[in-house]
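Have a look at the structure below before the remarks.
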Amino acid sequence: MSRIAYVNGRYVPHGSAQVHVEDRGYQFADAVYEVCEVFDGKIVDMTRHLDRLDRSLRELSIGWPVARPALERILREVVDRNRVTYGLVYLQVSRGVARRDFPFPPAGTKPALVVTSRAIPRTVAAKVADEGIRVITTPDIRWQRVDIKTTGLLAQVLAKENAKRHGGKEAWMYDADGNVTEGGSSNAWIVTADGVLVTRPAESGILKGITRAAVMDFAAREGLKVEERPFTIDEAKHAREAFVTSATGIVSPVVQIDDAILGNGHPGVLASDLRRRFHEGVELLPVRAY
Ligand code: PMP
């Protein structure tokens with residue numbers, strides 16, 4: 001079956017889907033994006049993802065490319081047309097197409113919208129659950145507005161490529177004080193000896209992850225203690241457990257940080273439980289309205 005992408009009002013074959021060379025997303029990374037998990041044919045936490053999209057757009061003074069209900073329909077349609085049951089749906093909004101010039105383009109320039117979706121084999125998730133992942137640390141060299149979900153991801157490209165070269169699945173970036181900021185495309189967590197979940201406050205140096213919020217909700221319901229505070233790489237290496245959260249990876253146990261093996265080298269009990277039960281409390285939107 002051939003894949004379908006949505007590009008500026010049209011559903012087109014993925015292989016020939018194109019944007020203009022002067023799209024500001026392409027020229028300047030003047031664009032924002034969202035990724036939602038597709039689980040059992042349902043889009044996970046779409047409301048929260050679109051709320052964050054709204055914030056990203058407002059922070060950058062980019063307009064909505066289509067009204068929100070229309071975007072919701074497009075997301076569902078793209079997942080449906082691609083017959084994705086487990087995987088992801090990706091959306092990107094750029095400031096639009098205009099002659100290459102740094103200041104904003106003329107009023108009336110239409111924001112551009114691209115939506116794609118793809119399946120992720122269940123075996124990938126099963127391997128992460130069974131074996132956990134290794135993370136490789138690297139200095140955080142990003143700009144200061146990492147709270148906005150922009151497509152300017154070159155620092156993460158380099159960090160994750162470096163992680164891959166060293167046998168890691170994710171990079172953990174750290175700030176000038178040696179505190180972990182976040183993963184290349186995930187939020188970072190540790191579990192203390194007392195069973196407290198620790199993650200960096202969302203106010204500085206990280207993207208406020210939707211999966212992070214879902215884990216916090218889960219913790220609140222289950223009476224687990226969460227502490228929002230910075231932690232160092234050294235603390236993480238000696239933690240009882242560690243894990244990362246992201247829409248596509250949900251809760252991924254970390255079993256090794258650089259050369260330090262955590263605990264017994266197997267996914268932690270708490271992280272595994274959070275992963276197994278993750279979808280209990282999230283919003284699940286069926287792709288097809290029956
Ligand atoms: N931090 C960064 C830098 C990310 O790219 C992502 C994933 N897009 C996350 C955190 C996790 O966010 P979410 O749970 O909303 O996917």
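All ligand and atom numbering here is 1-based and tracks the order in the structure. For the single chain, residues carry numbers from 1 onward in sequence order. The figures here come from the full heavy-atom set of this structure, side chains too, leaving out hydrogens, waters and symmetry mates.
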> Near ligand 1, which residues have a heavy atom under 4.0 Å away from one of its atoms?
Replying inline: Tyr33, His49, Arg52, Arg142, Lys149, Gln156, Glu182, Gly183, Gly184, Ser185, Ser186, Asn187, Leu207, Gly209, Ile210, Thr211, Thr245, Ser246, Ala247
> Just by distance, with hydrogens left out, do Asp54 and Trp64 show a side-chain donor and acceptor under 3.5 Å apart?
Replying inline: yes
> Can you say whether the rings of Phe39 and Tyr86 are parallel (under 30°), tilted (30 to 60°) or perpendicular (over 60°)?
Replying inline: perpendicular
>> Can you give me the closest heavy-atom contact between Val84 and Ala119, atom names plus distance?
In response: CG2-N, 3.7 Å
> Taking it one step at a time, do Asp259 and Arg134 satisfy salt bridge (Lys or Arg N to Asp or Glu O under 4.0 Å)?
Replying inline: CA-CA 9 Å; Asp259 290 328; Arg134 179 181 184 191; 3.1 Å; yes
> Is there a donor-acceptor pair closer than 3.5 Å between any side-chain N or O of Ser117 and the backbone N or O of Leu88?
Replying inline: yes
> Of the non-hydrogen atoms in Val89 and Val38, which two are nearest, and what is the gap between them?
Replying inline: N-CG2, 4.0 Å
